[in-house]
Amino acid sequence: METATAGTAALRLRELLAANRKTPCATLERDIIDLRLAAFRERRWPAPRRGTIDDPPLARRATLSDIPASALDAEVLRDGIQGAGGVIVRGLVAPPRVEMLRDALDRAFEARRDAAAGRAADARWYGRASGVKGAPQQFGALGGNSERTTGSLWAVDSPAAAFLLCELYHALQLPTLLEAYLGEPGVLSVKKWVLRKVEPKPDRQAGWHQDGRFLGDGIRTVNLWIALSACGEGAPAPGMELVGGREPVIHPTGTDGSYFDWTVGPGLVDRLTKERPRLYPRFAPGDALFFDHYNLHRTGGSPDDTELRYAVESWFFAASTAPAKQQPLVL
Ligand SMILES: [Fe+2]
């Protein structure tokens with residue numbers, strides 16, 4: 001994305017990425033995180049340009065698009081996200097990379113456990129870059145709630161995993177796809193880039209929510225959720241449950257029988273799903289789902305689930321709209 005006018009951090013980032021491809025090490029990988037943060041701050045992001053996101057609204061459909069990876073382009077992305085509420089992309093990530101990422105997640109969570117237990121943790125797989133601020137406890141802030149090897153972990157807190165993921169995004173040519181869709185570069189953020197290992201919990205009542213509820217006004221987003229386990233309908237691990245179709249509104253929360261003040265109550269979901277389907281798609285490892293901040297969803301589950309679900313959630317913001325409190329970083 002950088003040009004001849006690339007700033008100091010962007011140029012240094014390029015050097016460190018090349019060095020880490022040759023000889024990966026914890027120091028480089030942490031510095032890369034800091035440089036991604038600095039490169040976002042040093043660049044003057046233009047006001048939003050017109051991208052395919054701004055094209056006239058599409059006729060609404062209620063069932064997600066479902067396409068092979070070879071069919072993915074900006075127009076298909078727009079049609080799926082804005083016309084249907086989301087796009088399932090089959091086989092976006094090839095099996096060898098799926099294996100590598102599952103292994104990366106295991107290493108990251110194990111290193112976090114080691115750190116929490118006071119043992120020497122592998123700093124490539126769990127460590128905090130100096131520029132990363134804060135963390136809700138459930139996301140494994142250093143020293144907090146971290147002895148579990150399941151749950152959620154900020155990708156940036158596993159510098160080696162973050163490096164591998166960005167290499168994957170570039171191999172998939174996501175920067176080009178996102179720029180065509182958003183009309184400007186897409187950027188990641190510290191807070192909305194998460195590694196997840198979700199336990200099967202037959203009695204779980206996960207909260208229905210729209211991520212736009214937490215992210216502020218005026219944003220333009222694409223979430224890429226990559227399944228690294230077979231999950232969802234008929235699979236042994238918890239998947240993603242969604243309301244099909246897209247309504248560009250943020251629904252009220254804390255009403256209609258909702259347990260938390262940030263979740264959409266089951267009564268409201270029942271009313272919405274009189275008109276729109278409730279979906280529990282099946283995903284194979286490497287399948288992905290794209291949607292945006294209006295999508296209404298929750299972690300699903302079945303009483304028959306027996307396995308962990310590995311996944312990576314990556315929210316991309318149109319750079320000029322990325323909220324500072326999410327701590328944006330360049331891809
Ligand atoms: Fe969500």
Side-chain angles (χ1 to χ4, degrees), residues 20-21 24-26 29 32-33 68-69 72 88-116 121-127 138-140 146-172 174 188 192-201 204 206 223-241 280-290 297 299-302 304-316 331:
N20 200 59
R21 282 178 198 121
C25 84
E29 286 163 345
I32 285 170
I33 301 280
L72 180 62
I88 297 173
V89 182
R90 302 294 175 186
L92 182 68
V93 182
R97 283 218 200 233
V98 169
E99 280 312 304
M100 190 180 68
L101 290 176
R102 282 179 62 108
D103 182 57
L105 265 62
D106 282 335
R107 286 169 185 253
F109 281 92
E110 280 159 22
R112 182 179 76 174
R113 178 202 55 204
D114 289 344
D122 186 330
R124 284 194 61 215
W125 296 98
Y126 188 65
Q138 70 268 30
F139 284 166
S146 351
E147 290 209 42
R148 287 162 59 214
T149 54
T150 58
S152 302
L153 177 58
W154 282 356
V156 293
D157 280 339
S158 180
F163 173 81
L164 290 176
L165 284 167
C166 284
E167 295 286 281
L168 170 69
Y169 303 146
H170 282 272
L172 295 173
L174 280 188
L188 287 158
K192 295 296 287 177
W193 187 19
V194 184
L195 316 179
R196 296 189 191 279
K197 282 171 69 179
V198 174
E199 294 181 50
K201 279 191 191 155
R204 173 189 15 237
N223 177 26
L224 164 61
W225 182 85
I226 302 172
L228 300 172
S229 305
C231 63
E233 184 72 58
M240 181 80 91
E241 192 173 7
Y280 191 51
R282 179 168 183 139
F283 294 92
D287 289 349
L289 172 65
F290 287 95
H297 58 274
T299 298
S302 137
D304 301 328
D305 287 341
T306 52
E307 292 186 17
L308 287 168
R309 183 251 280 157
Y310 289 63
V312 178
E313 180 182 23
S314 315
W315 282 84
F316 298 97
L331 254 167

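No hydrogens, no waters, no symmetry mates; every other heavy atom, side chains included, goes into these values.
Of all heavy-atom pairs spanning Pro159 and Ala123, the tightest one is CD-O, 4.2 Å. Ala206 and Thr299 get closest at one heavy-atom pair: CB-O, 3.3 Å. Phe283 and Ala288 make their closest contact through CE2-O, 4.2 Å (heavy atoms, listed as atom of the first residue, atom of the second, distance). Residues Glu307 and Pro238 come closest through the heavy atom pair O-CD, 3.4 Å. Minimum heavy-atom separation, Ala230 to Pro236: O-CD, 4.2 Å.
Counting heavy atoms from C-beta outward, Ile226 and Leu228 have side chains that approach closer than 4.5 Å. Side-chain contact between Phe316 and Leu188 is present, with heavy atoms from C-beta onward closer than 4.5 Å. Using a 4.5 Å cut-off on side-chain heavy atoms (C-beta onward), Val312 and Leu105 make contact. Counting heavy atoms from C-beta outward, Leu172 and Leu72 have side chains that stay 4.5 Å or more apart. Looking at Glu110 and Tyr126, their side chains never come closer than 4.5 Å, going by heavy atoms from C-beta outward. Side chains of Thr306 and Pro200 form no contact here, defined as non-hydrogen atoms less than 4.5 Å apart. Looking at heavy atoms from C-beta onward, Tyr169 lies in side-chain contact with Ser314 at the 4.5 angstrom threshold.
A side-chain donor-acceptor contact under 3.5 Å links Tyr280 to the backbone of Gly239. Not a single donor-acceptor pair under 3.5 Å links the side chain of Ser152 to the backbone N or O of Arg196. The backbone N or O of Leu308 sits nowhere less than 3.5 Å from a side-chain atom of Lys197 that would complete a donor-acceptor pair. At least one donor-acceptor pair under 3.5 Å links the side chain of Arg112 to the backbone N or O of Arg148. Without hydrogens or angle criteria, Asp287 side chain to Leu92 main chain gives no donor-acceptor distance under 3.5 Å. Judged by distance alone, with hydrogens and angles left aside, the side-chain atoms of Arg124 form no donor-acceptor pair with the main-chain N or O of Glu29 at under 3.5 Å. No donor-acceptor distance shorter than 3.5 angstrom exists from the side chain of Arg309 to the backbone of Ala237, with no hydrogens or angles considered. In terms of modelled atom types and a separation under 3.5 Å, the side chain of Ser229 and the main chain of Tyr310 share a donor-acceptor contact.
Taking a cutoff of 4.0 Å between a charged side-chain nitrogen and a carboxylate oxygen, Asp106 and Arg102 do not qualify as a salt bridge.
We find the CD1-SG distance between Ile33 and Cys166 to be 7.0 Å, quoted to the nearest 0.5 Å. Here the CG atom belonging to Leu289 is positioned 9.0 Å from the NE2 atom belonging to His297, to the nearest 0.5 angstrom. Rounded to the nearest 0.5 angstrom, Arg97 CZ and Leu164 CG are separated by 8.5 Å.
Put simply, the residue from Asp114, Thr150, Leu195 that forms a side chain to side chain contact (heavy atoms under 4.5 Å, CB included) with Phe109 is Leu195.
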